[in-house]
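Residue numbers start from 1 in every chain, and the chains themselves are labelled A, B, ... in the order their sequence lines are given, proteins ahead of strands.
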Amino acid sequence: MSESVERINERLASDYEAGFVTDVENDSLPPGLDEDTVRAISARKNEPEWLLEWRLKAFAKWKTLTEPEWAHVSYQKIDFQALSYYSAPKGQGDGPKSLDEVDPEILRTYEKLGIPLHEQKRLAGVVAVDVVFDSVSIHTTFKDKLAEAGVIFCPISEAVKDHPELVKKYLGTVVPISDNFYACLNSAVFSDGSFVFIPKGVTCPMELSTYFRINAMNTGQFERTLIIAEEGASVSYLEGCTAPMRDENQLHAAVVELIALDDAKIKYSTVQNWYMGDEEGRGGVYNFVTKRGLCKGRNSHISWTQVETGSAITWKYPSVVLRGDNSIGEFYSVALTRGRQQADTGTKMIHMGKNTRSTIISKGISAARSENCYRGLVRVAPTAEGARNFTQCDSLLIGDTCGAHTFPYIESRNNSAVIEHEASTSKVSDDQLFLCQQRGLDPEKAVSMIVNGFCKEVFRELPMEFAVEAGKLLEISLEGSVG
Amino acid sequence: MLSIENLQASVDEKAILKGLNLSVGAGEVHAIMGPNGAGKSTLSNVMGGRPGYEATGGSVTLDGVNLLELEPEERAYAGLFLAFQYPVELPGVSNMEFLKAAVEANCENRGVEAPNTPAFLKAAREACAQVNLNPDFLKRGVNEGFSGGERKRNEILQMIMLQPKLCVLDETDSGLDIDALQVVADGVNSMRSDDRGFVVITHYQRLLDYIVPDFVHVLSDGKIIKSGGSELALELEKNGYGWIEQEVA
């Protein structure tokens with residue numbers, strides 16, 4: 001390994017600037033998981049009977065499932081009885097309040113993280129934000145303005161109360177409760193998350209975003225997000241995540257469901273920066289997430305863009321089920337692993353409708369002693385006449401102690417389908433580094449520039465504000481210095 | 001301005017430079033010629049601090065600063081520029097963004113104010129014109145899909161933008177046709193000034209028809225074995241290196 005790479009890897013031993021703990025009193029359930037836990041969560045949220053039954057059904061199913069082991073990751077088995085399944089800052093349990101009622105400590109947390117909660121402090125209200133702290137939503141901005149356009153944007157626990165017919169109609173229709181081990185667990189114990197409903201013909205007047213933070217110790221976060229775009233509606237939604245540095249692993253098992261009806265468009269972007277653990281691999285978030293979109297209507301369009309830099313382990317495959325004719329699914333991903341991080345991420349594109357199209361662009365970057373996997377499935381059903389897929393998977397290695405792996409699966413059951421797959425693996429070479437250094441760039445800057453160049457095709461897909469942030473995040477992650 | 005004293009260097013623990021001495025004054029152009037394997041490229045790489053090229057003795061001093069004690073980027077700040085024999089690609093990193101970051105880093109570390117964006121753009125476009133590259137090249141990835149000649153011209157473009165004190169050209173003429181050679185030479189000649197020195201490393205006399213050196217040195221087996229004026233290059237062209245090596249032996 002060259003001296004420059006050694007210098008970088010030294011610096012990669014990172015300062016995680018979101019790694020502080022907020023000192024608030026919590027109302028938490030004691031560790032442990034049984035039917036009573038599920039009932040207790042439901043009771044804290046004053047949920048209707050039908051939802052409790054839904055949860056219990058999921059829990060009964062979950063008990064029959066075993067943890068999946070096919071991913072290219074290794075970790076100590078999670079003791080599900082040692083986790084707490086609900087934690088809310090005291091007094092915040094009933095959902096969002098006006099900002100005056102939010103604990104100032106929590107407000108300071110978001111200030112430190114650079115998340116704007118005061119609408120007037122925003123530049124012309126570009127982004128509406130829902131903030132989720134451990135198991136509850138703390139605050140949602142711009143609700144009134146959105147309501148004028150007919151857009152519903154609120155914590156899912158609130159939607160259960162205010163819009164039960166919508167939640168009932170769509171919850172679990174894209175990711176059924178029995179889908180997989182973690183999704184099933186989520187269905188039983190999900191805490192909070194965002195609910196978005198864009199009515200027919202409406203273009204959401206601003207970007208929507210949710211900011212997730214895990215604060216409490218030994219707590220699982222099980223958020224549940226549901227986004228529905230009716231006929232001809234469109235929305236762009238962003239999601240960001242951080243957690244404090246703790247020696248214990250934290251579990252994050254989210255479920256996100258997207259539903260696009262005829263001619264609707266949903267763009268979902270994630271910048272994931274959960275705590276990754278220390279150099280020796282102690283601590284960090286286990287990020288076991290099920291994200292799936294259903295292109296239910298004709299000409300509908302769902303696009304996932306993700307920038308994954310955090311978590312000790314990432315297990316995540318944002319997928320699109322292309323049921324409507326002429327529907328479009330897209331997946332653009334940058335996954336950066338460093339330290340002892342392990343990522344097994346990719347997508348599934350399930351073509352069912354005629355002339356459905358999908359695009360997959362995946363960029364994996366591995367450094368230090370991390371493992372980075374792309375795992376993707378392109379399935380063309382017999383009904384998917386004229387389906388097309390294009391996949392491009394590129395891996396970039398920094399140094400020679402990391403790993404990059406690609407597992408593409410293709411199942412085509414229609415002869416008219418056209419499926420293309422391109423893959424490449426490259427290294428940040430000593431020659432590239434030396435060129436940059438000779439021109440005056442220090443190795444950290446050089447690597448971040450090379451990595452940013454490598455990710456360009458994905459960053460282009462992010463909303464402008466996020467693209468800048470993502471670039472910076474990569475830079476910070478690579479430099480390991482406080483930016 | 002540049003003083004190399006008794007420089008010894010090895011690659012993979014094999015001694016390549018065996019006590020090399022060279023002194024370059026401000027405003028001078030020195031050509032280093034020599035047969036294959038003499039250590040020409042090793043000299044430029046050791047000066048630049050490329051990993052794997054280890055100086056085992058001696059010193060390389062630029063205006064009083066011993067370059068061998070510095071990181072590669074610090075050598076750039078001290079005023080050293082290497083034009084590479086084989087410039088590599090940086091896919092997706094635009095020339096513009098690369099140049100801007102490089103200019104800013106150098107300015108910052110040399111304690112001068114970096115040009116503002118309009119001034120930078122203007123300078124970059126002018127430099128493009130000087131090396132006969134379409135300004136669209138600024139938007140393309142660094143050397144990405146460039147021909148050999150375009151890469152070399154891009155090196156000169158970077159040299160013009162970074163305004164170094166000492167330019168070392170490592171076989172910049174290799175793989176160039178006559179037209180590209182002329183463009184590269186014009187770029188170098190336009191940068192000749194009283195406060196800048198050049199070390200032009202080349203295998204062939206051809207380049208020196210375009211960049212006329214003040215001094216020519218013959219490098220053989222890790223040492224400079226003969227020095228002279230530009231006429232020495234012509235003599236080498238005619239008679240090869242053998243006679244000098246014999247003369248010295």
Side-chain angles (χ1 to χ4, degrees), chain A residues 1-11 334 361 363 365 392 394-400 422 424-461 467-468 470-471 474-475 478-479, chain B residues 44-45 47-54 67 70-95 97-110 114 140-144 151 154-155 157-159 161-164 167-168 170:
Chain A
M1 197 187 335
S2 81
E3 293 143 47
S4 317
V5 171
E6 271 170 42
R7 270 167 79 189
I8 292 155
N9 280 335
E10 270 167 34
R11 294 280 296 275
V334 166
I361 309 279
K363 304 274 181 178
I365 303 131
Q392 184 187 330
D394 298 322
S395 305
L396 183 68
L397 303 169
I398 301 172
D400 52 12
E422 289 178 10
S424 76
T425 301
S426 52
K427 257 187 90 165
V428 174
S429 71
D430 290 348
D431 287 348
Q432 288 174 321
L433 276 180
F434 184 58
L435 166 65
C436 293
Q437 282 181 269
Q438 211 301 304
R439 298 303 182 250
L441 306 175
D442 62 58
E444 293 83 8
K445 174 77 187 160
V447 167
S448 115
M449 200 172 229
I450 292 166
V451 169
N452 262 295
F454 174 75
C455 300
K456 201 157 258 180
E457 288 154 287
V458 173
F459 285 173
R460 230 180 3 225
E461 297 299 322
V468 175
L474 275 196
E475 204 164 316
L478 286 163
E479 286 179 1
Chain B
S44 71
N45 285 322
M47 286 174 76
R50 185 192 284 266
Y53 290 80
E54 197 196 345
L67 296 182
L70 303 179
E71 295 293 340
E73 64 272 25
E74 293 167 335
R75 300 180 194 204
Y77 309 147
L80 175 71
F81 183 94
L82 281 189
F84 291 98
Q85 187 176 1
Y86 305 108
V88 291
E89 296 187 3
L90 302 177
V93 178
S94 79
N95 249 329
E97 130 187 54
F98 180 67
L99 279 174
K100 193 151 191 294
V103 166
E104 282 169 0
N106 279 289
C107 285
E108 191 185 321
N109 286 284
R110 290 176 189 167
R140 288 176 50 183
V142 176
N143 297 325
E144 204 179 348
R151 287 181 191 215
N154 204 26
E155 292 291 291
L157 171 71
Q158 291 164 24
M159 188 166 93
M161 291 300 290
L162 294 175
Q163 293 291 314
C167 308
V168 179
D170 184 8

Which atoms of [X] are under 4.5 Å from chain A, going by heavy atoms: the side chain, the backbone, both sets, or neither?
X      : value
B:E108 : neither
B:L80  : both
B:L82  : both
B:Y86  : neither

inquiry  = Just to verify, what does B:Q85 make a side chain to side chain contact (heavy atoms under 4.5 Å, CB included) with, not counting sequence neighbours?
reply    = B:S41, B:D170, B:E171, B:S174
query = chain B heavy atoms under 4.5 Å from A:C455: which part of the residue, side chain, backbone, both or neither?
reply = neither
request  = Examine whether an atom of A:N452 lies under 4.5 Å from a heavy atom of chain B, and if so say whether it belongs to the side chain, the backbone or both; otherwise answer neither.
outcome  = neither
task = Could you go through the side-chain hydrogen bond (donor to acceptor under 3.5 Å, both in side chains) check for A:Q392 and A:D394 one step at a time?
result = CA-CA 7 Å; A:Q392 184 187 330; A:D394 298 322; 2.7 Å; yes
ask   = Where is the tightest heavy-atom contact between B:A105 and B:Y77, given as atom of each residue plus distance?
value = O-CE2, 3.8 Å
B:E144 side chain to B:G92 backbone, donor-acceptor under 3.5 Å = yes
inquiry  = Once salt bridge (Lys or Arg N to Asp or Glu O under 4.0 Å) is applied, do any residues pair with A:E457, and if so which ones, sequence neighbours excluded?
reply    = A:K363
